[in-house]
Amino acid sequence: MSNELGSAFKEIEDIRALPEDIILDALQSALVSAYRKDTGASAAQEIEAKIDLKTGRQMVFVEKEVVDAVLNDATEVTLERARFFEPEAQLNDVVMVQVEHTTKSFGRIAAQTAKQVILQKIREAERNSLYDEFINREGDLITGTVQSVNARKVTLSLGRAEADLPRQHQIPGERYRTHEKIRVFVVEVSKSNRGPQILVSRAHRSMLRRLLEYEVPEIYNGQVEIKNIAREAGHRSKVAVAALQDGIDPVGACVGMRGIRIQNIVKELHNEKIDVIEWNNDAVAFISKGLSPARVTGVYLDDDPIEGKTAVVLVPDDQLSLAIGREGQNARLAAKLTGWRIDIKSVAETVQGALENLENPPLDSLTERHADLIAESLRIMEKKRLELAVMPEEYKSLARFADIVEQLSQEQRDQAHEIFLQQRKEARENLAPQLFELPLDVLAVSQEVLDILEPFGNIGEVMLICAVDETMVSRKFVDLEGEPMDELRAALDIIRAADLDQLLAEAFSIEEDDDDIAPADESETATAAEAPVDDETETIRSEEAEAQTDQPPVLLDAFGQPVEEAQPEHALAEAGAIKEAVAAPVPALDAPDVEKKAPREAPAPDGYFQEDDGEREFELDRQKGKQQRRKDRQRRRQLVLDEESGEVIAKRRRKGGRGSWDEEVWEDYDY
């Protein structure tokens, strides 16, 4: 390689830290671009450049046609010269021929083009190299140096790249100083025109997982497994661990001798409290440990088929505030860790409620079996009311009575659930299988009702619950105005009278049509459908159009500008009044309330971050998209009952063309 080219090549390779082949490819591409610019070669003509790394020689090969007589030297070549590069070349063949063209003969424009191409290729290769380097570290810990701090984010230097630590990913109360080294968790690495965009976090719950893996060899080696993590950054975290090998204490391995291992993690996370809990398949034992450091008297599970899993937890009176935690933090973290909704009650509260309802079933059965315990509980509660001292043995008596009461309530709930499941099984046998494939948007009900029915998933589940116990559905409509249950019953009656196979095929066909519609077309369609035009509005528009056609033609001057004529003052005043009247907002004409605004949630404190914020935002966007598609399908399909024939007719409005609706074109389907 020549001295000039070799030194330049070596310098770029050292500074940019790029492989040799990438730099060579950039130089060859720059040589091709410079040749095109210098000779004005067509973009359709194939051009190749080769650089010999040993000698530094540059060679340019151009695609040319083999002819007898050369008329255009840029695109044609003689047969004799063509066979010098391609021995089997024939007339009218296209071969690659080396041109006698060196870089020293390039003009200023061609040299500038080559320079720009080299810089562009090297920058692009550098961005790709950085992206490939950091994409493999996504989901891992990395150490960065604080470069700048502002109100929105902290910028970290990672060597050749930079990372962003947004405010919501920072630990509340933590302060960052310039040139300080901090450890962060790489959340996401994405490509951009300015290089890889690296998003890091110190509040992510996976950061705690990685710290445990680094500090605890048993976790790194697979002897101890992290089952779940519930974290509120900067305040408290709960970690559930389980041993995968006999003879290993998972909690002791994570805490370390004299707590040295867990203390290192606590210091790294700005003195965040960490509770390490042993995983247990028994939900009662796991929930009891999950509420530590509070002592639990009893846990009573309620796995409701409709409402979900709820655990009623009894705690002593002096442990109630500790079990709930500051602003409900301990109970909230325990619920995230265990996956159960937790209802915490004190022993005295449970006993007082039971004593007040002893005459009502099922508590009336306790008066005979536990008369002595009831009398003892009444005496102790009277002492508490008079603010007298209560002995520990007396508290144990209250806890025993509260346990009996909750056990009885749990037995009643379990029996009710078994009856419900049996009734559900019998009711399902009377329903067609097609009902469980029909989407909810087939129902001719309001959007508010559809939103409440969304957890059921399909029409079959709604019919099943209504057949077993209609009050389970009606309780969900308590906050709605009107008669939503009557509306739902009428819609379900229409479904029962319809041909389910044809209705199911129609539902799938409309979903396929929705997939073919572009998002922009959907928004235009929704806007057009949500703005109904009545006869009065059409009359006003037609009158305005006629008024515009009756206006005199506008006179133009020699430059094409309109000529303004002098008008009397009263005419100007009238024109101003008309302009104000037209600009005034027109009140809605009996517009129905399509959607009620949900109450706004209280804003979170500054710097507060929950690890589920991103998942929650994604879920909200997904729900909005589903609701919009459901609204579009409802507008395009309507089930009605024909009073003359007594049959259900499905009317469907089809789209005439992409981006615009035809006039009301309805197709009738007889079911």
Side-chain angles (χ1 to χ4, degrees), residues 1 4-37 41 43-54 56-61 103 106 109-148 152-166 169 181-202 204 206-207 210 614 618:
M1 184 181 291
E4 294 181 0
L5 185 61
S7 60
F9 194 92
K10 186 65 176 177
E11 183 179 358
I12 295 175
E13 185 178 358
D14 293 340
I15 294 177
R16 301 290 182 173
L18 294 175
E20 182 180 282
D21 55 346
I22 293 179
I23 302 176
L24 181 62
D25 181 69
L27 292 176
Q28 292 175 351
S29 300
L31 195 60
V32 171
S33 300
Y35 177 82
R36 289 187 186 275
K37 180 65 70 173
Q45 188 177 14
E46 184 178 355
I47 301 175
E48 294 180 358
K50 294 183 180 180
I51 299 177
D52 190 348
L53 297 179
K54 296 182 179 179
R57 182 184 178 188
Q58 305 99 24
M59 295 173 288
V60 179
F61 295 88
T103 56
F106 286 158
I109 303 298
Q112 188 69 19
T113 302
K115 177 183 176 182
Q116 295 296 333
V117 171
I118 291 175
L119 291 177
Q120 179 182 357
K121 289 286 186 180
I122 289 179
R123 288 171 183 168
E124 182 180 355
E126 191 175 13
R127 288 195 295 265
N128 293 335
S129 175
L130 286 175
Y131 176 79
D132 294 338
E133 177 183 348
F134 286 98
I135 191 63
N136 296 326
R137 306 197 66 175
E138 191 175 282
D140 201 356
L141 293 182
I142 194 170
T143 301
T145 305
V146 177
Q147 186 170 345
S148 64
R152 295 185 298 106
K153 66 178 182 179
V154 175
T155 303
L156 302 178
S157 174
L158 304 179
R160 295 195 300 150
E162 293 182 353
D164 293 336
L165 177 62
H169 285 275
K181 290 186 178 295
I182 59 174
R183 189 182 290 184
V184 292
F185 175 78
V186 182
V187 179
E188 182 183 8
V189 179
S190 59
K191 285 186 176 181
S192 69
N193 295 330
R194 296 179 298 174
Q197 295 295 314
I198 305 173
L199 176 65
V200 297
S201 172
R202 283 182 58 82
H204 202 282
S206 294
M207 181 174 182
R210 290 289 177 259
F618 174 77

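All values derive from a computational prediction rather than experimental measurement.
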**Asked** Quick one: CD1 on I198 to OG on S192, what's the gap to the nearest 0.5 Å?
**Response** 10.0 Å
**Prompt:** Out of curiosity, L156 CG to R183 CZ, how far, rounded to the nearest 0.5 Å?
**Reply:** 14.0 Å
**Request:** Determine, step by step, whether I142 and V184 satisfy the side chain to side chain contact (heavy atoms under 4.5 Å, CB included) criterion, reporting the C-alpha distance in whole Å, the side-chain angles of both residues, the deciding distance to 0.1 Å, and the verdict.
**Result:** CA-CA 6 Å; I142 194 170; V184 292; 3.6 Å; yes
**Rounded distance (nearest 0.5 Å) linking atom CG of N193 with atom CZ of R123** = 12.5 Å
**Prompt:** To the nearest 0.5 Å, what is the distance between CD (E133) and CG (N128)?
**Reply:** 12.5 Å
**Check: R127 side chain, P196 main-chain N or O, donor-acceptor pair, under 3.5 Å** = no
**Message:** Nearest 0.5 Å, please: how far is CD in E138 from CG in N136?
**Reply:** 9.5 Å
**Asked** Is the shortest heavy-atom distance from the side chain of D140 to the side chain of V186 under 4.5 Å?
**Response** no
**Prompt:** Shortest non-hydrogen contact from S157 to Q147?
**Reply:** CB-OE1, 3.6 Å
**Item:** OG on S206 to CG on L141, rounded to 0.5 Å
**Value:** 9.5 Å
**Prompt:** How far apart are the closest heavy atoms of A161 and F134, and which atoms are they?
**Reply:** CB-CE1, 3.6 Å
**Asked** Heavy atoms, side chains only, cut-off 4.5 Å: are T143 and I182 in contact?
**Response** no
**Prompt:** Quick one: does L165's side chain get under 4.5 Å of K153's, heavy atoms only?
**Reply:** no
**Message:** Testing V200, L199, V154 one by one against H169 for a side chain to side chain contact (heavy atoms under 4.5 Å, CB included), which residue passes?
**Reply:** L199
